[in-house]
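Sequential numbering from 1 along the given sequence is applied to the chain's residues.
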Amino acid sequence: MAAFLLLLVSSGVLFFSSNAQGAYEKLPENYKKGVDLALEKLVSHAGIQHHFLFFRSITKSDIEPGFEVTYVYHHFYLKATKCHKGTVDSTACQFRNDRPLIDCAVCYKTFREEIEQEPKPYVHCVHKPALTEDMKTTRLNHCNTMGYSSGAPTLLASTGTD
């Protein structure tokens, strides 16, 4: 009986750790695009040595003012994996628990579900322990300004999902 329980627990741990991309796959497509932007920026940073994956959403919000335009705001965490930076196939990558999370906020405008280059998409990522209240305020102000400059209502006034 004990051997059976050990086998059951071991297989559950293996399934959980081998499915690090599960949270990303559950995101709506317009939010995946922002996560991809953040990951592209992170990979280009010289100080990053590990492969990172989407971990979980903190805040999601979007406004659709019409004419196939959407303004998206997404606050989320990225987490380091045991894979090296530059890994192409991340299906075997397991999350590490010895590195801090990366706290990211992105906001951007989409037209027909494609990210527009104007206004320029905003991506801000920082190791979670280094995130300050001032940085959080700056993020929110920047994203709200992006919406206002285009005549749209503020992103953070919308009813998003947590």
| Pairs in or reaching into residues 45-88: which pass disulfide (SG to SG under 2.5 Å), with residues at least two apart or in two chains? | Cys83-Cys93

| field | Sub-4.5 Å side-chain heavy-atom contact between Val72 and Lys60 | value | no

| Side chains of His74 and Thr59, donor plus acceptor under 3.5 Å | no

| field | Among Glu40, Glu116, Glu114, Glu113, the one residue meeting salt bridge (charged side-chain N to carboxylate O under 4.0 Å, His left out) with Lys33 | value | Glu114

| Do the side chains of Ile63 and Thr70 get nearer than 4.5 Å, heavy atoms only? | no

| said: What's the separation between atom NZ in Lys128 and atom SG in Cys104, rounded to the nearest 0.5 Å? | reply: 12.5 Å

| said: Is the distance between the ring centroids of Phe95 and Phe55 under 6.0 Å? | reply: yes

| Under the 3.5 angstrom rule, does the side chain of Thr132 hit a backbone N or O of Met135 as a donor-acceptor pair? | yes

| query | Are the charged groups of Arg139 and Asp103 less than 4.0 angstrom apart, N to O? | reply | yes

| task | Please assess Thr81 against Ser90 for the test side chain to side chain contact (heavy atoms under 4.5 Å, CB included), listing each intermediate value before the final yes or no. | result | CA-CA 9 Å; Thr81 68; Ser90 58; over 6 Å; no

| Looking at CZ of Phe67 and CZ of Phe111, how far apart are the two atoms once the value is rounded to the nearest 0.5 Å? | 10.5 Å

| remark: For Cys107 and Met146, the nearest pair of non-hydrogen atoms, with its separation, is O-CE, 3.5 Å

| query | Quick one: are Pro121 and Val106 in side-chain contact, heavy atoms under 4.5 Å? | reply | no

| remark: Rounded to the nearest 0.5 angstrom, the CD1-NZ distance for Ile115 and Lys109 is 13.0 Å

| query | Within the distance-only criterion (no hydrogens, no angle test), does the side chain of His127 pair as donor or acceptor with the backbone N or O of Pro129 below 3.5 angstrom? | reply | no

| query | Transitively linked via ILVMFWY side-chain contacts under 4.5 Å: Leu42 with Val123? | reply | yes

| SB check Glu68 Arg112 (cutoff 4.0 Å) | yes

| Quick one: are Glu64 and Val69 in side-chain contact, heavy atoms under 4.5 Å? | no

| task | Find out if a path of hydrophobic residues (ILVMFWY) with successive side-chain heavy-atom gaps under 4.5 Å connects Ile102 to Leu27. | result | yes

| said: Quick one about Asp36 and Tyr31 (side-chain donor to acceptor, distance below 3.5 Å, no hydrogens or angles considered), yes or no? | reply: no

| query | Within the side chain of Tyr73, is there an N or O that forms a donor-acceptor pair under 3.5 Å with the backbone of Cys143? | reply | no

| task | With side chain to side chain contact (heavy atoms under 4.5 Å, CB included) as the test, would you mind laying out the steps for Phe76 and Val35 before giving the verdict? | result | CA-CA 8 Å; Phe76 56 91; Val35 171; 4.0 Å; yes

| said: Does Lys79 form a side chain to side chain contact (heavy atoms under 4.5 Å, CB included) with Arg96? I'd like the steps, not just the answer. | reply: CA-CA 7 Å; Lys79 190 169 184 174; Arg96 298 177 66 119; 5.9 Å; no

| query | Quick check: does any side chain N or O of Lys85 sit under 3.5 Å from a backbone N or O of Ile48, one acting as donor and the other as acceptor? | reply | yes

| message | Quick check for you: to the nearest 0.5 Å, what is the distance between Glu29 atom CD and Thr110 atom OG1? | response | 11.5 Å

| request: Search all heavy atoms of Tyr71 against all heavy atoms of Pro65 and return the closest pair with its distance. | output: CE1-CG, 3.8 Å

| task | Identify whether Leu53 and Tyr77 are in the same connected component of the hydrophobic contact network (ILVMFWY, side-chain heavy atoms under 4.5 Å). | result | yes

| field | Derivation and outcome, side chain to side chain contact (heavy atoms under 4.5 Å, CB included), residues Leu78 and Leu101 | value | CA-CA 6 Å; Leu78 299 175; Leu101 295 172; over 6 Å; no

| query | Salt bridge or not for Lys32 and Glu25, using N-O below 4.0 Å? | reply | yes

| What distance do Tyr122 atom OH and Leu37 atom CG have between them, rounded to the nearest 0.5 Å? | 13.5 Å

| note | So NZ of Lys82 and CZ of Arg99: to nearest 0.5 Å the spacing works out to 11.5 Å

